[in-house]
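The structure appears right after this line, and notes come after that.
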2 protein chains.
Amino acid sequence: MKQFSTLKKLAEKLGLSVSTVSRALKDHPDISPATRQRVKELAELTEYEPNTFAVNLRTNKSKILGVIVPYFQNLFYEYFIAALDEEVGKAGYSLLVLQSGESAETEARNLHIMKKNRVDGLFVSVTENTVDIKPFLKLPEIGIPIIFFDRVPEFEACDKICFADHEAATLAAKRLVQSNKKHVLCLFWGKPSLSVNQKRAAAFENTIKQLSPKTILDIRFSDSVQDFEPITMHELQTPNPPDAIFCNGDNILIPAMRAIQKSKLTMPADIGLIAISNGMLPTLYNPAVTFVETNGNKLGRLAFKRLQEVFDGKTFVRELSIPATLVEGGSL
Amino acid sequence: MKQFSTLKKLAEKLGLSVSTVSRALKDHPDISPATRQRVKELAELTEYEPNTFAVNLRTNKSKILGVIVPYFQNLFYEYFIAALDEEVGKAGYSLLVLQSGESAETEARNLHIMKKNRVDGLFVSVTENTVDIKPFLKLPEIGIPIIFFDRVPEFEACDKICFADHEAATLAAKRLVQSNKKHVLCLFWGKPSLSVNQKRAAAFENTIKQLSPKTILDIRFSDSVQDFEPITMHELQTPNPPDAIFCNGDNILIPAMRAIQKSKLTMPADIGLIAISNGMLPTLYNPAVTFVETNGNKLGRLAFKRLQEVFDGKTFVRELSIPATLVEGGSL
DNA sequence: GTGAAAGCGCTAACAA
DNA sequence: TTGTTAGCGCTTTCAC
C-alpha cells in the first residue's frame, strides 16, 4: 500500500526541520523564498496532504458542522440541507448530516455522534418527542455552538431560526376568508405540542375567528401521514362537507390531494385548497395549489450566517425568522 | 469553558497509569475487576469520552464513510442515502455526504474533501461530465475502498452496484407492446453517454424493434429538466402525436405529466404513460402511473453490504445489480 | 496486574 | 531565517 507523504519525510529528504517545512507550506513570512520554493515543489511532487487527524488533534477543530433533522426525505429539510451545504462549503467546512425520525432516543444517539466527532457547530431541528433539551444545551458549554431551526424548543434561551410561523398561518387564513370559505378542514402533521404546530394553529384560528367568526373550523392533528387520506375522504363525504382544506405542509398535501382526486372533486369549483409548502409540490397538480411558501433554502443560508456570527463572538442569543409569501395557484 | 475528561486526568485522580486506565475502559483481561470498577465509575462521573481526534490519529481510522452524489434533491439518491445511513449506523459508522451537481470540478473538490477527512470508504455516483476516473481509483491504492453505484464508470475494473438497467428498460418496452402502442415518445435525462442512459436506451429500442418492428420511436435526450415540458407539449400537438410516453426517471415524469395535463389529455384513453421510477411520484397522479421500480433503498443496503465484504478482505472486483419490478398503475 | 515509554503527524512557543 | 522542544490524547509494546 502506498504511503502518505508527511512533514517528517519531506523534512528528511530536504535536510530541513519539520517546523521549517510546516512553515514554508503555510507561507510563513520568516521562511526564505528559496526554501519555500524547494519545499513546495517536493510537497507537490509527493502529493503531500496534511493529515487531518493530526491537525484536528493539534488544533482541536474538525472543520465539520453537524446537522440533525427528523427526516432526510422531506422537501423542506432537503432544501435546507442543500442550501446549508453550499454556504458551508464556501467557508471550508463540511456537513455531517444525521436523521432521527421522531425518536428521541435516536436523536440522543445522533447528538452523541456529533459530540464524538467533535463537530465545530451544530444545527438541530428536534423530533416531536424531544422533551429534554438540556443535553443539547450542554454542547455550547463545551464550546460547540448550536443553532435550532424550524422545530425549535419553546422556552429555552438558545439560538433559533424559524419561519414567521404566525405570519404564514395568518396569510393562509386571510386568503381563505378572501375566497369566502365557510367551513375549513385544517390538517396538521405531528403533535399539537410541536412548536410549529402550536404557533400556526393558534394564528390560523385567531385570524379566522376575527375576520369571519361564522366560519367553521375542523382542526385535525395526526402523527401518521397515512391518516390524512381517510380523514379527508371521510369529511368530504359527510352531508355537510368542508368547502376548503388547509394543509400545514407538503406531507399532508399529498394525501389530501389524493382524497380530492378519488372523490372526483375539482378545484376550485367543488373544493378550495391552500397549503403551507416548500414550493415544489403545489405546482405538480392541475390547477396548481395556492400556497404560502416557507422555503428551506433561505432558512439554510440564514442558519449558517448566524453560526458565523457566533463564531465571531456574537454569542448573545437570538431568535431570527424568515417572512412568508403567498403564491397564487388556481385552487382557491 | 468546561474541560473534557481525559485518560490522563482519570489516571491522576485514581493514582494509576494512563495505560491501565485505557485498558480498564476497554475491558482488557489483564486488569483486575476491582480497578476496572473504580476506573469505570470515575469515567462515568466525569463524562469521559475518548477524544476521536486522538483515536483517529492513533488508529488511522475515522469511522466515517463518504458518499458523493450529483444531487441531494433527487428521490433516488434520497432513498439510497437514507437506507445507507441506516445500515451504516448499525455498524458504528457515520456518513459524510457531498453533492457535485453535474460539475466534474465540484466532484473533484468533493473527492478531495473525502480524502482529507480520511473516510474509511467511499460510495460514488458520478456526474455526467466525469471523464477521468483515475483520481477515484487512486483511493483504493491508499487504502480507501470505493464503491460506484447507479452512474458508474463504463470500462474500468472497479466495484459497481447498479440496477438491472437492461432488464428495467426491457420490462417497460414489453409493457408498452402489450398495450399495443405504436408511437412512443421516449424521454431521457442527461447525456446519451451516461452509462444508465446508454444501457436503458439500447435495451428499450432493441426490445421494441424486436417485438413490434413497426412501432415508431422518438427518442429524446436533454440535460435540462426544463426542456421536457415543451418537448412533450410540442409532440402532443403534432398531427401525428405519440400514443404513449416513456419517462426514464422521476425528474422527467413531472414535466411530462404537466404537458399531458395542460393538453387536457386523459390517461390511459388519450395517451399512455410508463416511467422508470423510485416509486413515490407515480402514485401522486390520478390514475397512478404505471412504472418500473428502481428503488434507491435496496441499492443503498446492497452497497454497504458490498463495502463490508471489501473490509473483510474480499477485494476482488464485483459488479452487482438489483432486479427491476413492474408496478401497475392505470396509465396504460 | 500494572507501569513506562514511544509514537501517530502536526503546531507553536522559545532558542539560536 | 531556521531548529529544538514540548505536547495534543490515545494505543500498544515491552518490561517489571
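Computed from a predicted model, the values in this text were never measured in an experiment.
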### Message
I'd like to check the side-chain hydrogen bond (donor to acceptor under 3.5 Å, both in side chains) partners of Y48(A); sequence neighbours left out, ordered by chain and number.
### Response
none
### Query
Sequence neighbours excluded, which residues qualify as salt bridge (charged side-chain N to carboxylate O under 4.0 Å, His left out) partners of R318(A)?
E309(A)
### Query
Atom CG of N60(A) and atom P of dC10(D): how far apart are they, to the nearest Å?
11 Å
### Task
Any pair with a residue in residues 88-98 of chain B that passes side chain to side chain donor-acceptor pair (under 3.5 Å), sequence neighbours left out, goes on the list, sorted by first then second residue, please.
E87(B)-K90(B)
### Task
Could you list by number each residue of residues 14-40 of chain B showing a heavy-atom separation from DNA chain D of less than 4.0 Å, or answer none if no residue does?
V18(B), S19(B), S22(B), R23(B), K26(B)
### Query
Got a sec, which residues hit salt bridge (charged side-chain N to carboxylate O under 4.0 Å, His left out) with K191(A), two or more places apart in sequence or on another chain?
none
#### Entry: side chain to side chain contact (heavy atoms under 4.5 Å, CB included) involving D30(A) - partner list, sequence neighbours excluded
H28(A)
#### Entry: Salt bridge E49(B)-R118(A), side-chain N to carboxylate O under 4.0 Å
no
Where do N or O atoms of nucleotides 7-9 of chain C meet protein N or O atoms at under 3.5 Å, pair by pair?
from   : atom 1 : to     : atom 2 : distance (Å)
dG7(C) : N2     : R58(B) : NH1    : 2.9

### Query
Does T130(B) have any side chain to side chain contact (heavy atoms under 4.5 Å, CB included) partners at least two apart in sequence or in another chain, and if so, which?
E107(B), V126(B), T127(B), I133(B), F136(B)
#### Entry: Listed partners of E86(A) passing salt bridge (charged side-chain N to carboxylate O under 4.0 Å, His left out), at least two apart
R301(A)
